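Down below is the structure, laid out as structure tokens.
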Amino acid sequence: MMHKVTLIPGDGIGPEITEVAQECVEVTGVKIDWEIACAGKAAIKEYGTPLPESTIDSIKKNKVAWKGPITTPIGEGFRSVNVALRKELNLYTCLRPYKLYPGVRSRFSDVDIVVVRENTEDLYAGIEFELGDTDTKEFIEFIYRIKGEKIREDSAISIKPISISASRKIVKAAFEWALANNRKKVTCIHKANIMKFTDGLFLASAREVAHSYEGKIEFDDRLVDNMCMQLVQKPQIYDVLVLPNLYGDIVSDLCAGLVGGLGVAPGANIGDEYAVFEPTHGSAPRYQGMNKVNPAGMILSAVMMLQYLGERKAAGRLEIALAKVIKEGKKVTYDLKPSPDDPTAAGTREMGEAVIEELLK
Ligand code: NAD
């Protein structure tokens, strides 16, 4: 069967990891008709916007996209294309598996955690009040009027909306993923002891959804601070984690650190209609064009995409081929070597080609 997929190479290191990872996917034999679309810096030059309508239309038509990272300038220029895509396509689930592959240096030996992060609300909803704005002053007065709480006048404010509907949806997504992938336990992460209304609602929704999976998947919950400590002490006892947006973002990077860093971490943003697969890491602009960075995150995001497309066998072959290259430790990039300046480190292309060689054996 021929699949149609929108391919967005991104910017920074995006195009170089995408190129070699795409060759890996093609060697699996899965037939994909790629529709190349532009986003980020490259799109600004050609379309005057970092996220052209034609790119969104392409994803809406094909339903599945695979993308490289895209730079988000800090404090100026365009807002995050990644956030805009998630909003535009209602990609409410961010799914990130953190699996420790043999050969990767880590303090642990058996980490296999999946982070399921809510993608659309919480402090990342983007409702912010800037220091000194008239709106901000009015809002501070309004809070004082209705709550009797005095917020300092020299404050900026962000709003944290958490809804029952989005919380139920993300927890259900976590349980469904756990069921479909033979996992045993879902842990809800929150700070409901302090944020009783917002995180309290997230936890209550999680408990309610968990009832319908009783006897099939275990459920428990942890405070986010305690969870961070436990993850660096005994990550092997955790399975699937479900979190609101902000904690999900932070705990994701913590988990990436447990399994060898950002270079080997893939991700997927999934909604009811569309799915966008990408590595967890960003565009690492200082390494752009150097043939230096690890293509594994991009390759593993293709593994997730192939699973989503129903190509489980090809996905398994691609993952095993990459795992062999990592385990052997010869043709791997600098981040997987004992020291980052190891002269035997392979380039992005060489590591990708080693995966292709494994696939062809
Ligand atoms: P980054 O992930 O780009 O890089 C941080 C560091 O991680 C790098 O300096 C490098 O040491 C390491 N690293 C990242 N990818 C690697 C790889 N494939 N192989 C080996 N090492 C790797 O994070 P940043 O520097 O904070 O962000 C750079 C830009 O990327 C920012 O504009 C940010 O907004 C954007 N970003 C985009 C996405 C996305 O497109 N989904 C995600 C995160 C960050």
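Computed from a prediction, not measured in an experiment: that's the story for all the values here. For ligands, and for the atoms within them, numbers begin at 1 and follow the listed sequence.
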Residues 239-248, side-chain donor-acceptor partners within the protein, below 3.5 Å, at least two apart:
residue : atom : partner : partner atom : Å
Asp239  : OD1  : Arg183  : NE           : 2.6
Asp239  : OD1  : Arg183  : NH2          : 3.0
Asp239  : OD2  : Lys184  : N            : 2.7
Asp239  : OD2  : Lys185  : N            : 3.0
Asn245  : OD1  : Arg117  : NE           : 2.9
Asn245  : OD1  : Arg117  : NH2          : 2.9
Asn245  : ND2  : Glu121  : O            : 3.1
Tyr247  : OH   : Asp199  : OD2          : 2.7

Can you confirm whether Lys147 is buried at NZ, in the sense that more than 12 heavy atoms of other residues, nucleotides or ligands lie under 6.0 Å from that atom? no
Gln233 atom CD: more than 12 heavy-atom contacts under 6.0 Å: yes
May I have the step-by-step check of salt bridge (Lys or Arg N to Asp or Glu O under 4.0 Å) for Glu118 and Arg168, ending in yes or no? CA-CA 10 Å; Glu118 205 288 323; Arg168 279 183 187 154; over 6 Å; no
Enumerate the protein residues lying less than 4.0 Å from ligand 1, judged by heavy-atom distances, in chain and residue-number order. Lys67, Pro69, Ile70, Thr71, Thr72, Asn82, Leu262, Gly263, Glu278, Thr280, His281, Gly282, Ser283, Ala284, Pro285, Arg286, Tyr287, Val293, Asn294, Tyr334, Asp335
Run the ring pair (Phe, Tyr, Trp, His ring centres under 6.0 Å) test against Tyr213 and tell me which residues pass, sequence neighbours left out.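 Tyr213: ring pair (Phe, Tyr, Trp, His ring centres under 6.0 Å) contacts with Phe175.
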Transitive ILVMFWY cluster of Ile127, excluding itself - 4.5 Å side-chain cut-off: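 Answer for Ile127: Phe129, Phe139, Ile140, Phe142, Ile143, Ile146, Ile151, Ile157, Ile159.
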